[in-house]
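None of these values were measured; they are calculated from a predicted model. Lettering of chains follows the sequences in order, A, B, ..., and the numbering in each one begins at 1.
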Amino acid sequence: MPAPASAPNPRGAAIPTAFFDRDASTVARALIGTELRVDGVGGIIVETEAYDTTDPASHSFKGATPRNAAMFGPPGRAYVYRSYGIHWCLNFVCEGEGVGSAVLIRAIEPTIGIAEMARRRGMADARRLCSGPGRLCQALGIDGSVNHARIDRPPFDLFEAAHRQPIAAGPRIGITRGTDLPWRYSAKGSKFLSRPQ
DNA sequence: TTCTCGATTACCT
DNA sequence: GGTAATCGAGAAT
């Protein structure tokens with residue numbers, strides 16, 4: 001069938017699974033500025049954290065378990081876990097099958113489907129809609145049902161960054177071990193971070 | 001089988 | 001600045 005004559009895609013190209021065949025820190029940095037959608041709702045990733053099997057703060061540090069099985073599965077898939085019995089947290093698996101590294105998505109700048117996100121969150125403040133791993137999962141409707149799901153297939157859409165931008169790095173948040181590793185990355189100056197970098 | 005605590009958030013003083 | 005909410009993985013018993 002003929003391709004529709006449309007204007008150039010304002011987004012970048014769709015990101016392939018091979019994008020994730022690198023170490024978690026590299027992927028975490030590369031994800032800043034990309035556009036994530038879940039069922040057509042989402043925005044620009046502005047904050048990530050890297051975790052790998054050498055890292056005492058990582059769920060994969062002590063080896064594979066039923067809970068973290070997705071982390072040891074193929075790269076380019078989602079690892080979703082429940083935090084504090086209340087929240088869901090979204091990770092993208094990296095590096096290679098059996099390696100146990102992943103990137104935690106911590107914050108998104110909402111751009112698409114803001115009304116739907118506000119409805120799910122029960123509030124309208126754009127700055128707090130997706131500024132934290134638990135918050136963005138609630139806004140995007142993510143739960144354990146997408147654990148292991150491919151990121152290049154529905155309900156996910158992930159597009160390359162439209163523009164390059166400065167990236168800040170620093171220590172991660174909410175952990176008690178591995179606090180010396182500067183594996184938190186963020187879009188410099190973004191107003192949509194879970195905490196200022 | 002029981003206990004502890006977390007890659008968090010919202011609401012309290 | 002402090003803490004309740006809430007549940008399952010992993011450790012301890």
Side-chain angles (χ1 to χ4, degrees), chain A residues 20 23-32 34 36 38 43 45-73 75-95 99-110 117-149 151 167-187 190-197:
Chain A
F20 295 95
D23 68 272
S25 286
T26 300
V27 175
R29 175 178 280 269
L31 280 171
I32 300 298
T34 63
L36 173 67
V38 181
I45 295 177
V46 294
E47 183 180 346
T48 59
E49 284 179 359
Y51 290 87
D52 77 21
T53 192
T54 67
D55 164 19
S58 173
H59 289 173
S60 61
F61 183 63
K62 294 179 179 175
T65 66
R67 179 205 199 190
N68 66 20
M71 270 189 95
F72 290 88
R77 303 210 183 198
Y79 164 45
V80 180
Y81 70 90
R82 210 196 254 290
S83 175
Y84 290 86
I86 305 167
H87 310 289
W88 295 101
C89 293
L90 172 67
N91 297 250
F92 292 161
V93 180
C94 300
E95 204 157 340
V99 175
S101 79
V103 173
L104 171 69
I105 310 302
R106 285 194 59 88
I108 285 174
E109 176 179 342
M117 289 189 268
R119 186 187 66 76
R120 289 169 175 160
R121 293 271 295 118
M123 51 88 85
D125 180 357
R127 284 203 192 190
R128 294 184 178 177
L129 224 40
C130 301
S131 58
R135 291 169 175 174
L136 77 87
C137 281
Q138 185 181 21
L140 270 49
I142 291 170
D143 63 22
S145 68
V146 294
N147 195 24
H148 295 281
I151 297 158
I167 294 174
R172 294 168 295 178
I173 294 175
I175 54 172
T176 56
R177 290 166 295 181
T179 52
D180 53 320
L181 299 171
W183 285 358
R184 175 184 180 225
Y185 300 96
S186 66
S190 173
K191 296 168 182 168
F192 299 91
L193 307 183
S194 62
R195 286 190 53 186
Q197 182 76 276

Inset, instruction - Could you state the atom-to-atom distance from CD1 of A:I175 to P of B:dC5 in whole Å? - result: 18 Å
Inset, instruction - Tell me the partner of C:dC7, counting only Watson-Crick (N1-N3 plus N6-O4 or O6-N4) or G-U wobble (N1-O2 and O6-N3) with both under 3.5 Å; none if nothing fits. - result: B:dG6
Inset, instruction - Starting at atom CZ of A:R120, determine the distance to atom P of B:dA10, rounded to an integer number of angstrom. - result: 16 Å
Legend entry - Separation of atom CD in A:E47 from atom C1' in B:dT8, rounded to whole Å: 13 Å
Inset, instruction - Between A:G134 and A:T176, name the one whose nearest nucleotide on DNA chain B is closer to the 5' end. - result: A:T176
Legend entry - Euclidean distance, atom CZ of residue A:F61 to atom P of C:dA11 [Å, nearest integer]: 12 Å
Inset, instruction - When you get a sec, tell me which of B:dT9, C:dG10, B:dA7 is the closest nucleotide to the side chain of A:T65? - result: C:dG10
Inset, instruction - Would you please determine if the base of C:dA5 is stacked by A:Y84, with stacking meaning a centroid separation under 5.5 angstrom and planes under 30 degrees? - result: no
Inset, instruction - Could you tell me whether A:M123 contacts a base, only the sugar-phosphate backbone, or nothing, with contacts defined as non-hydrogen atoms closer than 4.0 Å? - result: nothing
Inset, instruction - Give a yes/no answer on whether the side chain of A:S83 brings an N or O atom under 4.0 Å of OP1 or OP2 in B:dT9. - result: no
Legend entry - Phosphate OP1/OP2 of B:dA10: any A:R128 side-chain N/O under 4.0 Å: no
Inset, instruction - Indicate whether the side chain of A:E47 and that of A:S194 have a donor and an acceptor atom separated by less than 3.5 Å. - result: yes
Inset, instruction - Decide yes or no on side-chain contact (heavy atoms from CB on, under 4.5 Å) for A:F20 and A:V93, but give the supporting numbers first. - result: CA-CA 7 Å; A:F20 295 95; A:V93 180; over 6 Å; no
Inset, instruction - Side chain of A:P66 only, please: which of C:dA5, C:dG10, B:dA7 is the nearest? - result: C:dG10
Legend entry - Atom-pair distance (CZ on A:R195; P on B:dT9), nearest Å: 12 Å
Inset, instruction - Please determine, by modelled atom types, if A:R121 and A:Q138 share a side-chain donor-acceptor pair under 3.5 angstrom. - result: yes
Legend entry - Distance, rounded to the nearest Å, where A:Y81 contributes OH and C:dG10 contributes P: 13 Å
Inset, instruction - Kindly say if A:R135 contacts the phosphate of B:dA10, meaning a side-chain N or O under 4.0 Å from OP1 or OP2. - result: yes
Inset, instruction - Whole angstrom is fine here: how far is it from NE2 in A:H59 over to C1' in B:dG6? - result: 7 Å
Inset, instruction - Assess the side chains of A:R135 and A:S131: does a donor N or O sit below 3.5 Å from an acceptor N or O? - result: yes
Inset, instruction - Determine the Euclidean distance between corresponding P atoms of B:dA7 and C:dG1; express it in Å to zero decimal places. - result: 22 Å
Legend entry - Shortest side-chain distance from A:Y79, nucleotide among B:dA7, C:dA11, C:dT6: B:dA7
Inset, instruction - Could you tell me whether the side chain of A:N68 and the main chain of A:G63 form a donor-acceptor pair under 3.5 Å? - result: yes
Legend entry - Shortest side-chain distance from A:K62, nucleotide among C:dA11, B:dT8, C:dA9: C:dA11
Legend entry - Rounded interatomic separation in angstrom, taking CG from A:N68 and C1' from B:dA7: 13 Å
